[in-house]
Amino acid sequence: MNLFTDADRDRIAEAVEAAESRTSGEIVPVIVQRSSTYGVVAYRLAISGAVFGALLHELVKIGYDGWGLPLLLSDTALFFWMLVFGLLAAWLGPRVPAILRLFAGSEMLDERVHMRAQMAFLSEQVFATRDRTGILLLVSLDEHRVEVLGDKGINERVEASDWANVVEDVVSGIRSGSAVDGLVAAIERCGHLLEEKGVALRGDDTDELSNAPRIQ
């Protein structure tokens, strides 16, 4: 993923370090291109492509003037029109994020991104802090989704609704063309939020998780 340069990664890591210097929270940014393979989307696209191929065949057939290649417009050829357009849609559609989002639907996108966030929470060992104060900030680019998951020590103090502005910071940054600025703003807001909620920095606190963004 070439969205982030080395300098961008350094900025994100520095923002994490600064936010963590004020509280005992451990912030883990994870950026993924896509949260799932969405096999069912390819299936839906294949059906839609086949239907489109059939309609196109009939429209061309209506306007056919008797010249050219009549075999391509025969009833027997209808199957091949459907097959070609179905396969083309199934192959091309999932590679275009906007088409993927349209055919997946909001409910599926939310579900898959949430599952990906849960997997990242485990694989990045966000739970492995002394006071269970880890926070996962997942950005799934193709889905246009951001998910924040807090560990037990965070969730005891921070409500799920409190993360809304953190999510909006990331989304606004991406929409304005600067995903890095959005992430940095979101991480800074995390630090301030944890301070407000009393996730205090302990005298013997250590940096338990890497500050570097996980870009996958």
Visitor: Any chance you could lay out the side chain to side chain contact (heavy atoms under 4.5 Å, CB included) test for Leu137 and Trp163, step after step, and finish with the verdict?
Guide: CA-CA 10 Å; Leu137 175 59; Trp163 301 117; over 6 Å; no
Visitor: Checking Thr133 side chain against Ser24 main chain: does a donor-acceptor pair fall under 3.5 Å?
Guide: yes
Visitor: Honestly curious: do Leu122 and Leu209 fall in one hydrophobic cluster under the side-chain, below-4.5 Å linking rule?
Guide: yes
Visitor: Can you name the nearest heavy-atom pair linking Tyr38 to Met108, along with the distance?
Guide: CD2-SD, 3.8 Å
Visitor: For Phe127, I'd like to know if atom CZ has over 12 heavy atoms of other residues, nucleotides or ligands within 6.0 Å.
Guide: yes
Visitor: Do the non-hydrogen side-chain atoms of Glu26 and Ile135 ever get within less than 4.5 Å of each other?
Guide: no
Visitor: How long is the gap from CD1 on Ile154 to CG on Asp162, to the nearest 0.5 Å?
Guide: 11.5 Å
Visitor: List the steps and the verdict of side chain to side chain contact (heavy atoms under 4.5 Å, CB included) for Leu100 and Arg34.
Guide: CA-CA 10 Å; Leu100 171 75; Arg34 182 173 294 184; 3.5 Å; yes
Visitor: Carefully, step by step, assess Trp91 and Leu87 under the rule side chain to side chain contact (heavy atoms under 4.5 Å, CB included).
Guide: CA-CA 6 Å; Trp91 177 81; Leu87 291 175; over 6 Å; no
Visitor: Between Phe52 and Phe85, how do the two ring planes meet: parallel, tilted or perpendicular, split at 30° and 60°?
Guide: perpendicular
Visitor: For His114 and Gln118, what are the C-alpha separation, side-chain angles and deciding distance, and is it a side-chain hydrogen bond (donor to acceptor under 3.5 Å, both in side chains)?
Guide: CA-CA 6 Å; His114 182 64; Gln118 291 177 319; 3.2 Å; yes
Visitor: Any idea which heavy atoms bring Pro213 and Ile12 closest together, and the distance?
Guide: CB-CG2, 3.9 Å
Visitor: If you define the side chain from C-beta out and look only at heavy atoms, does anything of Pro29 sit under 4.5 Å from Val16?
Guide: yes
Visitor: Looking at Ser36 and Arg112, what are the two nearest heavy atoms and their distance?
Guide: OG-NH1, 2.8 Å
Visitor: Report yes or no: do Val40 and Leu109 belong to one cluster of Ile/Leu/Val/Met/Phe/Trp/Tyr joined by side chain heavy-atom distances under 4.5 Å?
Guide: yes
Visitor: Hey, are the side chains of Val146 and Val171 touching, using non-hydrogen atoms and a 4.5 Å cut-off?
Guide: yes
Visitor: Is any side-chain heavy atom of Pro94 closer than 4.5 Å to one of Phe103?
Guide: no
Visitor: Using a strict 4.0 Å threshold on nitrogen-to-oxygen distance, state whether Asp131 and Lys152 make a salt bridge.
Guide: no
Visitor: Please test Val32 against Val139 for side chain to side chain contact (heavy atoms under 4.5 Å, CB included), starting from the C-alpha separation and ending with a verdict.
Guide: CA-CA 6 Å; Val32 299; Val139 181; over 6 Å; no
Visitor: Might you work through the side-chain hydrogen bond (donor to acceptor under 3.5 Å, both in side chains) test for Asn211 and Glu17, ending with a clear yes or no?
Guide: CA-CA 6 Å; Asn211 297 329; Glu17 182 179 6; 4.7 Å; no
Visitor: Is any side-chain heavy atom of Thr5 less than 4.5 Å from a side-chain heavy atom of Asp10?
Guide: no
Visitor: In the structure I gave you, are the side-chain heavy atoms of Leu45 and Val41 within less than 4.5 Å of one another anywhere?
Guide: yes
Visitor: When you measure from the side chain of Ser176 to the backbone of Gly173, do you find a donor-acceptor pair of N or O atoms at a distance under 3.5 Å?
Guide: yes
Visitor: From Glu58 CD over to Trp81 CH2, what is the distance, rounded to the nearest 0.5 angstrom?
Guide: 9.5 Å
Visitor: Please give me the minimum heavy-atom distance between Asp151 and Arg132, naming the atom from each residue.
Guide: OD2-NE, 2.7 Å
Visitor: With hydrophobic residues grouped by side-chain heavy-atom distances under 4.5 Å, do Leu88 and Ile99 end up in a single group?
Guide: no
Visitor: With side-chain hydrogen bond (donor to acceptor under 3.5 Å, both in side chains) as the criterion, how do Ser35 and Arg116 come out once you've worked through the C-alpha distance, each side chain's angles and the decisive distance to 0.1 Å?
Guide: CA-CA 6 Å; Ser35 288; Arg116 184 67 180 83; 5.3 Å; no
Visitor: Which heavy atom of Leu194 sits nearest a heavy atom of Gly25, and at what distance?
Guide: CD1-CA, 3.9 Å
Visitor: With clusters defined by side-chain heavy atoms of hydrophobic residues (ILVMFWY) lying less than 4.5 Å apart, directly or transitively, does Val167 cluster with Leu193?
Guide: yes
Visitor: Nearest 0.5 angstrom please: Asp169 CG to Glu188 CD, how far?
Guide: 9.0 Å
Visitor: What's the spacing between Phe121 CZ and Glu147 CD if we round to 0.5 Å?
Guide: 11.5 Å
Visitor: Using a strict threshold of under 4.0 Å (side-chain N to carboxylate O), is an ion pair present between Arg214 and Glu124?
Guide: yes
Visitor: Measure the spacing between CZ of Arg11 and CG of Asp6 and express it to the nearest 0.5 Å.
Guide: 14.0 Å
Visitor: Heavy atoms only: give me the nearest Val184-Ala15 pair and the separation to one decimal.
Guide: CG1-CB, 4.0 Å
Visitor: Would a 4.5 Å heavy-atom cut-off, applied to side chains only, mark Glu20 and Ile27 as touching?
Guide: yes
Visitor: Rounded at 0.5 Å granularity, tell me how far CZ in Arg95 sits from CG in Asp142.
Guide: 12.0 Å
Visitor: Determine whether Ile31 and Ile187 fall in the same hydrophobic cluster, where Ile, Leu, Val, Met, Phe, Trp and Tyr are linked whenever their side-chain heavy atoms lie under 4.5 Å apart.
Guide: yes
Visitor: Could you check whether any side-chain N or O of Asp181 sits under 3.5 Å from a backbone N or O of Ser178, counting only pairs where one atom can act as donor and the other as acceptor?
Guide: no
Visitor: Under a 4.5 Å cut-off applied to non-hydrogen side-chain atoms, are Glu111 and Ser106 in contact?
Guide: no
